[in-house]
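Quick notes on the structure that follows.
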Amino acid sequence: MGFTPQQVNAMSLWQYFAALNGYVAANTPKDTKKLGDQEADELFSWIEEGGLGRRSLSTQTYTWDERGPLPAGIVYFEVG
């Protein structure tokens, strides 16, 4: 919510929960449209058929020492 621990400690329970409820209301999507049965079936069929097909992905790997995380290299792999 953006409050410091000191600000939270200075609040009453009422103030904290009023701020929390306002934060949740402001950050909750208003569009609650869910997938219909047909859309869900189409999505699961697409996933079972392989989705996007075969593709190459990569990710950075790290090692850790007293200075923190250090880039170690990139790993490449195929999915799909």
Side-chain angles (χ1 to χ4, degrees):
M1 291 187 304
F3 295 116
T4 66
Q6 293 79 14
Q7 289 172 314
V8 172
N9 284 339
M11 291 180 189
S12 68
L13 283 175
W14 182 91
Q15 290 171 319
Y16 176 78
F17 283 109
L20 177 63
N21 289 337
Y23 179 83
V24 169
N27 291 285
T28 301
K30 303 297 183 238
D31 180 15
T32 59
K33 182 180 180 227
K34 296 182 180 179
L35 290 179
D37 290 337
Q38 181 180 352
E39 292 172 315
D41 291 340
E42 290 172 0
L43 175 61
F44 288 119
S45 294
W46 178 76
I47 292 170
E48 287 174 350
E49 292 169 4
L52 297 173
R54 192 158 187 81
R55 61 198 178 280
S56 297
L57 298 176
S58 63
T59 188
Q60 176 71 53
T61 60
Y62 297 88
T63 59
W64 190 273
D65 70 7
E66 66 277 354
R67 296 170 290 177
L70 300 171
I74 298 176
V75 176
Y76 298 91
F77 51 98
E78 296 280 325
V79 295

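Numbering starts at 1 and runs along the sequence shown.
Contact between Y16 and M11 at its shortest, heavy atoms only, is CA-SD, 3.8 Å. The minimum heavy-atom distance linking Y62 with P69 is given by the pair CD2-CB, 4.3 Å. Here the closest heavy-atom approach between residue I74 and residue Q60 is recorded as CG1-OE1, 3.7 Å.
Atoms OH and CZ, from Y23 and F17 in turn, are 15.5 Å apart once rounded to the nearest 0.5 Å. The structure places CD of Q7 at 11.5 Å from CD of Q15, a figure rounded to the nearest 0.5 Å. The distance from the CZ atom of F77 to the OG atom of S58 is 7.5 Å, given to the nearest 0.5 Å. Residue D37 holds its CG atom at 11.0 Å from CD of E42, rounded to the nearest 0.5 Å.
Listed for the S56 side chain is no donor-acceptor partner under 3.5 Å among the backbone atoms of E78.
Remark: E39 pairs with K33, L35 by the side chain to side chain contact (heavy atoms under 4.5 Å, CB included) rule, at least two apart or across chains. A search for side chain to side chain contact (heavy atoms under 4.5 Å, CB included) contacts involving T63 returns L70, A72, not counting sequence neighbours.
Linking Ile, Leu, Val, Met, Phe, Trp and Tyr whenever their side-chain heavy atoms come within less than 4.5 Å leaves W14 and V8 in two separate clusters. Connection of L57 to V75 is established within a shared hydrophobic cluster, with ILVMFWY side chains joined at heavy-atom distances below 4.5 Å, either directly or through further cluster members.
Looking only at side-chain heavy atoms (C-beta outward), T59 and Y76 stay at 4.5 Å or farther from each other.
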